[in-house]
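Chain letters run A, B, ... following the sequence lines, proteins first, then strands; residues in each count from 1. Every value quoted in this text rests on a predicted model; they were computed, and no experiment measured them. Reckoned from all heavy atoms, side chains included, excluding hydrogens, waters and symmetry mates.
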Amino acid sequence: MSKEITARSQDYAQWYNDLVLKGGLADYSAVRGCMVIKPYGFALWENMRDELDRKFKETGHQNAYFPLFIPKSFLSKEADHVEGFAKECAVVTHYRLKNDPENGGVVVDPEAKLEEELIVRPTSETIIWNTYKDWIQSYRDLPILVNQWANVVRWEMRTRLFLRTAEFLWQEGHTAHATAEEAVAETVQMLDVYADFVQNFMAVPVIKGVKSPSERFAGAVDTYCIEALMQDGKALQAGTSHFLGQNFAKAFDVQFSNKENKLEYVWATSWGVSTRLVGALVMAHSDDDGLILPPRIAPLQVVIVPIYKGNDQKAGIDAKVEGIVKELKALGIRVKYDDNDNSRPGWKFAEYEMKGVPVRIAIGARDIENNVAEIARRDTKTKSSQSLDGIAQHIRQLLEEIQDGMFQKALDYRDSHITKADSWDEFEKLLDEKGGFISAHWDGTAETEAAIKERTKATIRCIPLNNPQEAGACILTGKPSKERVLFARAY
RNA sequence: CGGGAUGUAGCGUAGCCCGGUUAUCGCGCCUGGUUUGGGACCAGGAGGUCGCAAGUUCGAAUCUUGCCAUCCCGACCA
């Protein structure tokens, strides 16, 4: 029952945990900071993954796979990169265990120390660019458009289910280009792919933008991002796409001969989204009764619950439902007929609400007589009676309505939480009382950005793409500014 | 990693301060029956290394120390 879920108003963090755990998405594991993704949660991730994978391939990318381990020396070849990741790396130092005669069990065999330690990848730029050196000689070898689906490890101090785990699943695209223009175009293209996916499939509106220098990816020239807004008014970075310039090509000495037979360094991009998107999805849409999943990526789109007294009624319902299931499946709709006799309808209703199934159909003997079914929408919690004739088409349309409705609701919330602030007092007040994105002038310096973060915990989420140019004065220092940027407290 | 809190059956908990027979209760689970339009009811039953490890003691869920995990706040981050 919904009473098992902590209300958002009471404790937002606990509400989030309740949804993930009780909605059956994931569990804590025996390993610090690492979670078990349960079948329902993984099905959700698979749906996200499959759609993204399709989009990557549509835009000309191929999947490949690179090693989990990275030689320690690789990491330090790009100075900013190692600076950014060194503090959160898991390191393999030995390759063998041996029996421990004293205490039982096994111990690390000191004889089996690696010549060079291996880093468990926190991201794969280094191992991939070391490989690209072998793949690229001529401009004819370019571009290389490769993506990898993988797990990575970042030894985070504080973890949260899906939002920040020590090990997480993601995809990382790594492309190599002959020109800066082409690489930038790729970076922007993939940002668009992400934005399109998150908005149209996850129904989460995002703002596309560029990070300020201090929020940039370690080793990037420019970091583009999509920023989403959660229901508690905090922002969440949902995806990033980096223009890496020639930084990694220089670090790994990857040059190509151009048409004039001159050697040039290769231009690079990298881009990724992770299982964090699952967290974004949960926090963007759900309510105090449980998850609310958008139809396009919900593992289950429709559940049918029979209501009956005795086997005769059940048989009549079964016969009717069989046809409906067939029709729905023919339309590509993911449907389950839950005729499990061990739990009663009310229990099932609550359960599927908790799991966020977009549409529930309840059919009883009474309905069969009237040739109708009760249709309940998870997102609005409204119910209606619907004729069984043409019900599959109706459901298909309803799923689309739900998808659109969820996006519109999230968009309205987001848009009403982008607020301009023109004074420091106003800025602080908005952060504390309203939350969301605050559009304000900034003098462009890292010092001011850091000072604002220090005082308010708010960071510059992004400088929106196509940002209108507007003269103004920095919110903190009063120095001249040429455009507003978006601030928020963030996950 | 610093500060705070917590850890007793699958989940939620009582007991702990002040050590003492068989560790409390509810949900869930199993068996049988009755039920089924918003988390059913009756009867019977199973289920516990009291987070882990040392220590103190005749005796530890209870006292001491260490460790582990989770949550919250902070620093760090996708």
Side-chain angles (χ1 to χ4, degrees), chain A residues 1-6 11-18 21-22 27-35 83-89 103 122-123 151-172 194 211 214-218 223 225-228 235-242 270-280 289-290 305-311 313-314 317 338-354 360-368 370 372-374 376 381 383 385 453-454 457 459 490-491:
Chain A
M1 194 180 278
S2 60
K3 68 187 171 195
E4 292 174 19
I5 298 174
T6 306
D11 184 342
Y12 192 84
Q14 191 54 50
W15 166 79
Y16 173 78
N17 285 329
D18 284 352
L21 297 169
K22 290 168 182 167
D27 259 333
Y28 294 111
S29 75
V31 183
R32 178 189 207 114
C34 297
M35 64 177 173
E83 167 81 20
F85 287 103
K87 282 178 284 183
E88 51 188 43
C89 286
N103 304 309
T123 180
N151 57 339
V152 287
V153 168
R154 296 182 188 175
W155 213 261
E156 300 288 352
M157 288 299 141
R158 187 174 162 200
T159 57
R160 297 193 64 187
L161 294 165
F162 286 112
L163 297 175
R164 182 170 301 107
T165 44
E167 178 193 13
F168 56 95
L169 306 184
W170 76 345
Q171 57 70 218
E172 45 181 328
Y194 288 155
K211 287 292 187 191
S214 42
E215 296 276 329
R216 223 173 252 158
F217 174 75
T223 287
C225 62
I226 49 173
E227 292 286 327
L236 182 91
Q237 180 176 304
T240 47
S241 185
H242 314 290
S270 70
W271 27 275
V273 295
S274 71
T275 36
R276 175 179 243 207
L277 285 179
V278 175
D289 293 323
V305 177
I307 298 162
Y308 56 92
K309 295 181 172 125
N311 288 333
Q313 287 194 357
K314 172 74 169 27
I317 295 167
D338 186 354
D339 65 344
N340 184 341
D341 193 41
N342 294 326
S343 38
R344 291 157 50 101
W347 192 91
K348 291 176 186 171
F349 293 173
E351 180 66 14
Y352 290 110
E353 273 164 16
M354 172 116 81
R360 180 185 72 236
I361 305 176
I363 302 185
R366 203 165 75 199
D367 298 314
I368 301 247
N370 299 324
V372 297
E374 181 194 78
K381 300 210 80 178
K383 293 189 233 181
S385 189
K453 184 179 179 182
E454 175 75 20
K457 288 189 260 175
T459 50
Y491 279 96

Worksheet entry | OG1 on A:Thr165 to OH on A:Tyr28, rounded to 0.5 Å | 11.5 Å
Worksheet item: Which part of the nucleic acid, if any, lies within reach of A:Lys211 when heavy atoms closer than 4.0 Å are counted: base, sugar-phosphate only, or nothing?
Response: nothing
Practice prompt. For B:rG3 and B:rA78, measure between their P atoms and round to the nearest Å.
Written response: 26 Å
Discussion item. Within the 4.0 Å heavy-atom criterion, would you say A:Ala13 contacts the bases, only the backbone, or no part of the nucleic acid?
Written reply: sugar-phosphate
Worksheet entry | Listed nucleotide nearest any side-chain atom of A:Asn17, set B:rA78, B:rG74, B:rC72 | B:rC72
Discussion item. Categorize A:Gly279 for me: base, sugar-phosphate, or nothing, with a 4.0 angstrom heavy-atom threshold over every strand shown.
Written reply: nothing
Worksheet item: Under 3.5 Å, side chain of A:Arg154 to main-chain N/O of A:Pro122, donor-acceptor pair present?
Response: yes
Practice prompt. Taking atom P in both B:rC73 and B:rC27, compute the distance separating them and give it to the nearest angstrom.
Written response: 34 Å
Practice prompt. Output yes when a side-chain donor or acceptor of A:Tyr194 lies under 3.5 Å from a complementary backbone atom of A:Ala238, and no otherwise.
Written response: no
Worksheet entry | Short side-chain N/O contact to B:rA78 OP1/OP2 from A:Arg160, under 4.0 Å | no
Worksheet, complete the sentence: Taken to the nearest whole Å, CD/A:Glu227 to P/B:rA78 is 11 Å
Item to complete: Quickly work out the A:Tyr28 OH to B:rG7 C1' distance and round it to whole Å.
Response: 14 Å
Practice prompt. Send over the distance from A:Asp289 CG to B:rG38 C1', rounded to a whole Å.
Written response: 12 Å
Worksheet item: Roughly how far, to the nearest 0.5 Å, is CG of A:Leu277 from CG of A:Leu169?
Response: 11.5 Å
Worksheet item: Side-chain N or O of A:Arg158 less than 4.0 angstrom from OP1 or OP2 on B:rC73?
Response: yes
Worksheet entry | Same-atom distance (P) from B:rC17 to B:rG7, integer angstrom | 14 Å
Fill in: d(CG, A:Asn311; P, B:rU36) in whole Å
13 Å
Worksheet entry | Dot-bracket pairing map - RNA chain B, Watson-Crick plus G-U, both contacts under 3.5 Å, | cross-strand | ((((((((.[[[..)....(....]]].((((((.....)))))).....[[[[[..)....]]]]])))))))....
Discussion item. Using salt bridge (Lys or Arg N to Asp or Glu O under 4.0 Å), reason through A:Lys314 and A:Asp341 one step at a time and then give a plain yes or no.
Written reply: CA-CA 10 Å; A:Lys314 172 74 169 27; A:Asp341 193 41; over 6 Å; no
Worksheet item: Counting any heavy atom closer than 4.0 Å, what does A:Glu353 reach on the DNA or RNA strands: base, sugar-phosphate only, or nothing?
Response: base
Worksheet item: What interatomic distance, in whole Å, is found between C1' of B:rC29 and the corresponding atom of B:rG48?
Response: 15 Å
Worksheet, complete the sentence: Rounded to the nearest 0.5 Å, the CE atom of A:Met157 sits from the NZ atom of A:Lys87 at a distance of 9.5 Å
Discussion item. Taking any heavy-atom pair under 4.0 Å as a contact, classify A:Leu163: base, sugar-phosphate, or nothing.
Written reply: base
Item to complete: Any chance you could measure A:Thr123, atom OG1, to A:His242, atom NE2, to the nearest 0.5 Å?
Response: 7.0 Å
Practice prompt. Write down the distance separating the C1' atoms in B:rU57 and B:rG45, rounded off to the nearest Å.
Written response: 38 Å
Worksheet item: Roughly how far, to the nearest 0.5 Å, is CD of A:Glu351 from CG of A:Asp338?
Response: 9.0 Å
Worksheet item: Are A:Tyr16 and B:rC71 close enough that a side-chain N or O sits under 4.0 Å from OP1 or OP2?
Response: no
Worksheet, complete the sentence: Walking RNA chain B from its 5' end, the first of A:Leu161 and A:Lys87 to be reached, judged by nearest nucleotide, is A:Leu161
Worksheet item: Reckon A:Ser29 touches a base, only the sugar-phosphate, or nothing at all at heavy-atom distances under 4.0 Å?
Response: nothing
Discussion item. Heavy atoms only, 4.0 Å cut-off, all strands: where does A:Gln237 land among base, sugar-phosphate and nothing?
Written reply: sugar-phosphate
Worksheet item: Between A:Lys22 (NZ) and B:rG10 (P), how many Å, whole number?
Response: 16 Å
Discussion item. Tell me whether the side-chain N or O atoms of A:Lys381 pair up with the base of B:rG38 as donor and acceptor below 3.5 Å, since no angle test is needed here.
Written reply: no
Discussion item. Would you call the rings of A:Tyr12 and A:Trp15 parallel, tilted or perpendicular, taking 30° and 60° as the class edges?
Written reply: tilted
Worksheet item: Do any side-chain nitrogens or oxygens of A:Arg344 fall under 4.0 Å of OP1 or OP2 in B:rA40?
Response: yes
Discussion item. Does A:Phe168 reach a base, just sugar-phosphate, or nothing at all? Heavy atoms under 4.0 Å.
Written reply: base
Item to complete: Determine the contact category for A:Ala376: base if any of its heavy atoms lies under 4.0 Å from a base atom, sugar-phosphate if only primed atoms, P, OP1 or OP2 are that close, otherwise nothing.
Response: nothing
Item to complete: Can you check whether any acceptor in the base of B:rG38 is under 3.5 Å from a donor in the side chain of A:Glu351, or vice versa?
Response: no
Worksheet item: A:Phe85 has an atom CZ; how far is it from atom P of B:rC76, in whole Å?
Response: 16 Å
Worksheet item: Distance under 6.0 Å and angle within 45° of the ring axis: does A:Arg276 meet both against A:Phe168?
Response: no
Fill in: Rounded distance in Å between the P positions of B:rC71 and B:rC11
15 Å
Worksheet entry | B:rU56 to B:rU64 separation - C1' atoms, rounded to the nearest Å | 7 Å
Discussion item. Using a heavy-atom cut-off of 4.0 Å across all strands, would you classify A:Asp367 as base, sugar-phosphate, or nothing?
Written reply: base
Discussion item. When the C1' atoms of B:rC41 and B:rC63 are compared, how many Å lie between them, rounded to an integer?
Written reply: 46 Å
Response to the item:
Looking only at B:rG37, B:rG74, B:rG38, the nucleotide nearest the A:Lys457 side chain is B:rG74
Fill in: For atom CG of A:Asn342 and atom P of B:rC30, their distance in whole Å
7 Å
Worksheet entry | Candidates B:rA78, B:rG37, B:rG38 - which lies nearest the side chain of A:Glu374 | B:rG37
Worksheet item: On RNA chain B, nearest-nucleotide positions of A:Gly346 versus A:Lys453: which is more 5'?
Response: A:Gly346
Response to the item:
Between CE of A:Met157 and C1' of B:rC1 the distance, given in whole Å, is 6 Å
